[in-house]
Amino acid sequence: MLLLVLSPVVVGTPALAQDGAVAEDGLDRDAPDAFYCGERKLGQWFYCAKPKPAENREARQPPPVASAAERMAAITKQLDELKARAILEPTEANVIAYVRFQREQLDRASTFSDTWQRALWQNPDLDYTLQRPVSTVGKRLWLDNRKADRDAVLTRLGQRYGLFYFYAQSCGACEVFAPILRSVTDSHRMSVMAVSMDGGPSKDFPNYVVDSGQRARMGLAGNETPALVLFDTQTRRTIPVGYGVLSADEIMDRIFMLTNTKVGSDY
């Protein structure tokens, strides 16, 4: 009789062991046994409560946000595609799609330009026109002040610098350039050493010398004439000023920049 009473319990227990159930706490409880998992509490070893596999976190991460450069490239690509489609398939819909998208980009560019201008107005350290004016009045004033500074510097320059003028009697450009150079050097009291490359004289520089290797020793390649070279008597350094016919203003501007301004400071 005792066996018959206990038989339903013995038979019922394996049935529970075969049917796994998922608890509300996310744990997959496999075959909860009253003896091992309940009374003795050995579930850690008999897997009464197996952890549910963790979800793939990488799959839940949002896609990376495109950078500004990538977005600009995408806009350019789309604009090119719409333009090509409108040209190859000139339907009304294709043309309208291209024109509308192009107009959107023009509006965006106009907004950027307007913001740029307002930023310069409110941040004078970013406004280059304050250093190099572009308006008619401002530019005229800037040029006048620069010319006054240039003339003052060139007047004192003769104390340290001299000029080498390489010419040739057969050079037609030298006949045009020589009187220009003469007027500049006379007005600013700068000494000039005229060097004849072919041995011929110069009516504007009668105290000339014939080239006997001076040009090569200065490191000047070729025999182009006219050639103007500045010589620093303190450092014994030669500074090429230019080749060919130059105006008086060009000569003075170049000498002023080469002797009194740093590279990049005037731009």
Side-chain angles (χ1 to χ4, degrees), residues 125 127-134 137-267:
D125 58 309
D127 192 354
Y128 178 71
T129 60
L130 297 179
Q131 304 175 28
R132 192 71 174 266
V134 295
V137 177
K139 189 173 183 179
R140 182 72 265 170
L141 179 62
W142 184 87
L143 290 174
D144 290 342
N145 292 336
R146 179 185 174 87
K147 184 177 180 181
D149 294 340
R150 183 196 67 186
D151 292 342
V153 168
L154 291 180
T155 301
R156 301 189 303 268
L157 219 63
Q159 302 174 4
R160 174 175 175 176
Y161 294 91
L163 288 169
F164 279 88
Y165 168 50
F166 295 93
Y167 75 96
Q169 184 182 19
S170 59
C171 170
C174 298
E175 296 182 5
V176 177
F177 180 65
I180 298 174
L181 176 62
R182 188 75 192 187
S183 66
V184 172
T185 55
D186 287 348
S187 61
H188 292 87
R189 298 190 296 275
M190 296 185 68
S191 60
V192 181
M193 174 61 70
V195 181
S196 176
M197 299 300 297
D198 59 359
S202 171
K203 62 180 180 179
D204 295 288
F205 297 95
N207 298 325
Y208 69 94
V209 297
V210 179
D211 180 54
S212 58
Q214 295 96 322
R215 182 164 181 156
R217 287 193 296 272
M218 290 182 181
L220 303 178
N223 294 314
E224 293 83 4
T225 56
L228 189 62
V229 179
L230 197 64
F231 182 74
D232 188 345
T233 59
Q234 292 186 7
T235 63
R236 315 296 294 178
R237 185 169 65 99
T238 57
I239 308 172
V241 176
Y243 301 85
V245 179
L246 302 174
S247 67
D249 280 336
E250 284 181 308
I251 296 172
M252 291 185 287
D253 281 342
R254 291 189 183 191
I255 293 175
F256 175 74
M257 291 182 62
L258 291 171
T259 58
N260 285 270
T261 62
K262 297 181 179 180
V263 177
S265 63
D266 202 34
Y267 293 92

Quiz item: Is a side-chain donor-acceptor pair under 3.5 Å present for Asp127 with Thr129?
Solution: yes
Quiz item: Do you know which of Arg160, Arg236, Met193 makes side-chain contact (heavy atoms from CB on, under 4.5 Å) with Phe231?
Solution: Arg236
Self-check item: Ile251, Val184, Ile239 screened by side-chain contact (heavy atoms from CB on, under 4.5 Å) with Leu228, the one that passes
Solution: Ile251
Quiz prompt | Audit row: Val229, Val241, side-chain contact (heavy atoms from CB on, under 4.5 Å) steps and yes/no | solution = CA-CA 5 Å; Val229 179; Val241 176; 5.9 Å; no
Roughly how far, to the nearest 0.5 Å, is the [atom2] atom of [Y] from the [atom1] atom of [X]?
X      : Y      : atom1 : atom2 : value
Thr185 : Leu154 : OG1   : CG    : 11.5 Å
Lys203 : Arg182 : NZ    : CZ    : 13.0 Å
Leu157 : Met252 : CG    : CE    : 12.5 Å
Tyr208 : Ser196 : OH    : OG    : 6.5 Å
Met197 : Cys174 : CE    : SG    : 10.5 Å
Asp204 : Leu181 : CG    : CG    : 9.0 Å

Practice problem: Give a yes or no on whether a salt bridge exists between Asp151 and Lys147, defined as a side-chain N under 4.0 angstrom from a carboxylate O. | Solution: no
For residues [X] and [Y], report the shortest heavy-atom separation together with the two atoms involved.
X      : Y      : value
Val245 : Pro226 : N-CG, 4.3 Å
Gln169 : Gly200 : OE1-CA, 3.2 Å
Tyr167 : Ala194 : CE2-CB, 4.0 Å

Quiz prompt | Derivation of the side-chain contact (heavy atoms from CB on, under 4.5 Å) call for Leu220 and Thr238 | solution = CA-CA 9 Å; Leu220 303 178; Thr238 57; 5.6 Å; no
Quiz item: Okay, side chain of Asn145, backbone of Ala148: is any donor-acceptor separation there less than 3.5 Å?
Solution: no
Quiz item: Does Arg237 offer a backbone N or O that forms a donor-acceptor pair with the side chain of Asp232 under 3.5 Å?
Solution: no
Quiz item: Do the side chains of Ile255 and Leu258 get nearer than 4.5 Å, heavy atoms only?
Solution: no
Quiz prompt | Phe166 side chain near Met218 side chain, heavy-atom distance below 4.5 Å | solution = yes
Exercise. Given side-chain contact (heavy atoms from CB on, under 4.5 Å), test Met190 with Leu230 step by step and report yes or no.
Key: CA-CA 11 Å; Met190 296 185 68; Leu230 197 64; 4.2 Å; yes
Exercise. Take the angle between the ring planes of Tyr165 and Phe205 and call it parallel below 30°, perpendicular above 60°, tilted in between.
Key: tilted
Exercise. Name all residues meeting the side-chain contact (heavy atoms from CB on, under 4.5 Å) criterion together with Glu175; count only those two or more places apart in sequence or in a different chain, and write none if there are none.
Key: none
Practice problem: Decide yes or no on side-chain contact (heavy atoms from CB on, under 4.5 Å) for Leu246 and Arg254, but give the supporting numbers first. | Solution: CA-CA 10 Å; Leu246 302 174; Arg254 291 189 183 191; 3.7 Å; yes
